[in-house]
Asker: 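Let me give you the structure first, and then I'll get to my questions.
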Number of protein chains: 2
Amino acid sequence: MENVIKVGLVEDDHDIRQLMSFLINGSPGYVCEQAFESCEKAIEAFETNCPDIVLMDIDLPGMSGIEGVRVLKEKLPDLNIVMLTVHEDDEAVFDSLCAGAVGYLVKGLPPIQLLQAIKETFEGGAPMSSAIARKVILSFQPNLPSPLSDREKEVLQMLCGGENYKTIAERLYISTNTVKAHIKNIYTKLNVNTRAEVVSKAIRQKLIR
Amino acid sequence: MENVIKVGLVEDDHDIRQLMSFLINGSPGYVCEQAFESCEKAIEAFETNCPDIVLMDIDLPGMSGIEGVRVLKEKLPDLNIVMLTVHEDDEAVFDSLCAGAVGYLVKGLPPIQLLQAIKETFEGGAPMSSAIARKVILSFQPNLPSPLSDREKEVLQMLCGGENYKTIAERLYISTNTVKAHIKNIYTKLNVNTRAEVVSKAIRQKLIR
DNA sequence: TCGGTAATTACCCAAATGGGTAATTGTAAC
DNA sequence: GTTACAATTACCCATTTGGGTAATTACCGA
């Protein structure tokens, strides 16, 4: 029966909040029954009555929108949160995405586009500008080139799999002493001293697949 | 003098290749002097004469476009590669981005939009659909909730920083035995047995910031 | 109030790890 | 043809780690 998209709104500016909820409620297929001026109030309300999409201002008094995303996603992992911002290419937008937001919209977007973006998000999309998208994809692409030899990369790969000297040696048909030598060289090249560090660095810098 | 954007093209279909290079060369501010029907030829050529943007077909005979991206990015890390595809929401698009492409364009895009996208890419954007963008951001957001207690997360965080029992104990003002106990619990909860494994799992599943 | 969980500490012990040093072989570059 | 580096192996030794077991305190929900 209810094919409407339930939109939640978190925005401290009273006028904007009124305007947006009015707009949403006035559009067939959309409804906004929950509009709050702070994350704190929104979080409490959303826990008992969860909307489909949340529009969240980034700059909020008290708990920031970014922190709000973190908390909401902790409690409601499947909730789709779209940030509202005035600064198109702000670092805060990127941080919001890292915290769990699925996209963002610029404040002042024409109503038609706003509704379109909400619908797109509801259907699995992620509204964002080309510039932010680039930032996002760069953050997960490999940082080439690596200073390691091919053999060392093989060893590193297994190291990250949690394997020990003996197992790695068996897999590569070499002695454990050789494995040890490779690992020592890897440590030197990456400037680390322990297993944990090398695994952390390798994955974070995407030195291994 | 040369404010033109140099576009490289890799596309096996002769007609499409002709058409696109003709289009690009016929547009002020754009030039396409390098159009190839295979990755192999393109890679060789781009190494000596590198374009600003490469448009790369995904489905290519011989080396695939995805593999092509991998190889090109290995040799020319700063090269911007945009994929060309017929299937909008293909897994291959996502894989291309993982391999190092910055975005993709659907074949058959109107000329104006194609040129616009090239320009946007040149200026630091990343052309992609909302759906792909979502996939990309999901791939790097935390997989909440975590089974660990707050204290355990603190310990895990330090573990991933490569710190040992003693250092962690000092930082948290507890005994090394306690640290050990926490780590043992973490291992049990995450079903791992070694440092390397826990670090790997924690980072990959984004259990820590 | 009882039971579960989190946090804390302790001890024992086998296995794994990290650092130092050194040598041989093959290959690629100069 | 010599230099440089990658890959291979070896040995010694101190430190760290991981597993087992057990106990106390505190808090929270039923």
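Below, chain A is the first sequence line, B the second, and so on; all start at residue 1. Below, each value reflects all heavy atoms present in this structure, side chains not excepted, and no hydrogens, waters or symmetry copies. This is a predicted model, so every value here is computed, not measured.
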Asker: For every nucleotide of nucleotides 5-15 of chain C, 5' to 3': is a protein heavy atom under 4.0 Å from its base (B), only from its sugar-phosphate (S), or from neither (-)?
Answerer: -SSBBBBB---

Asker: Can you list the residues that meet the side chain to side chain contact (heavy atoms under 4.5 Å, CB included) rule with A:E37, with sequence neighbours excluded?
Answerer: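 With sequence neighbours excluded, A:E37 shows a side chain to side chain contact (heavy atoms under 4.5 Å, CB included) to A:R17, A:K41, given in chain and number order.
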
Asker: Taking protein heavy atoms under 4.0 Å as touching, what does nucleotides 24-30 of chain C look like 5' to 3' if B marks base contact, S marks sugar-phosphate-only contact and - marks none?
Answerer: -------

Asker: If you compare all heavy atoms of B:V199 against all heavy atoms of A:S200, which two are closest, and at what distance to 0.1 Å?
Answerer: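 B:V199 and A:S200 have their closest heavy atoms at CG1-N, 3.7 Å.
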
Asker: Inspect the contact between B:K107 and B:D57 and indicate whether a charged nitrogen and a carboxylate oxygen are less than 4.0 angstrom apart.
Answerer: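 Yes, charged N to carboxylate O under 4.0 Å.
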
Asker: Using a heavy-atom distance cut-off of less than 4.0 Å, which residues of residues 191-201 of chain A contact DNA chain D?
Answerer: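 Result for residues 191-201 of chain A: none.
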
Asker: Holding to side chain to side chain donor-acceptor pair (under 3.5 Å), I want the full list of residues that pass it with B:N80, two or more places apart in sequence or in another chain.
Answerer: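 Checked B:N80 against side chain to side chain donor-acceptor pair (under 3.5 Å); matches are A:R134.
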
Asker: Compute the bend angle of the helix from C:dT1-D:dA30 to C:dC30-D:dG1 from the end axes (five pairs per end), rounded to 10°.
Answerer: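 Nearest ten degrees gives 60° for this helix.
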
Asker: A:K166: what forms a salt bridge (charged side-chain N to carboxylate O under 4.0 Å, His left out) with it, not counting sequence neighbours?
Answerer: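 A:K166 satisfies salt bridge (charged side-chain N to carboxylate O under 4.0 Å, His left out) with no residue once adjacent residues are dropped.
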
Asker: Under the salt bridge (charged side-chain N to carboxylate O under 4.0 Å, His left out) rule, collect the residues that match up with B:E44, sequence neighbours excluded.
Answerer: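 B:E44: no salt bridge (charged side-chain N to carboxylate O under 4.0 Å, His left out) contacts found.
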
Asker: Go through the structure and list residues passing ring-ring contact (aromatic ring centres under 6.0 Å, His included) with A:Y165, not counting sequence neighbours.
Answerer: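 Not a single residue meets the ring-ring contact (aromatic ring centres under 6.0 Å, His included) criterion with A:Y165.
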
Asker: Looking at residues at least two apart in the chain, or sitting in another chain, which of them share a salt bridge (charged side-chain N to carboxylate O under 4.0 Å, His left out) with B:D150?
Answerer: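 Partners of B:D150 under the salt bridge (charged side-chain N to carboxylate O under 4.0 Å, His left out) test: B:K153.
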
Asker: Show the nearest heavy-atom pair for residues A:K189 and A:S149, with the distance to one decimal.
Answerer: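 Closest pair (atom of A:K189, atom of A:S149, distance): NZ-N, 3.9 Å.
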
Asker: Does D:dG19 have OP1 or OP2 under 4.0 Å away from a side-chain N or O of B:Y187?
Answerer: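 For B:Y187, the contact criterion (side-chain N or O under 4.0 Å from OP1 or OP2 of D:dG19) is not met.
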
Asker: Between residues 155-168 of chain B and DNA chain D, which residues have a heavy-atom gap below 4.0 Å?
Answerer: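 The stretch gives B:N164, B:Y165 as the residues lying under 4.0 Å from the strand, ordered by number.
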
Asker: Ignoring hydrogens and angles, write down the donor-acceptor pairs under 3.5 Å from the side chains of residues 120-127 of chain B, residues two or more places apart or on other chains.
Answerer:
unit_1: B:E120; atom_1: OE2; unit_2: A:S130; atom_2: OG; d: 2.9
unit_1: B:T121; atom_1: OG1; unit_2: B:A117; atom_2: O; d: 2.8

Asker: Quick one: do A:T167 and A:R171 satisfy side chain to side chain donor-acceptor pair (under 3.5 Å)? Show the steps, please.
Answerer: CA-CA 6 Å; A:T167 327; A:R171 290 273 181 83; over 6 Å; no

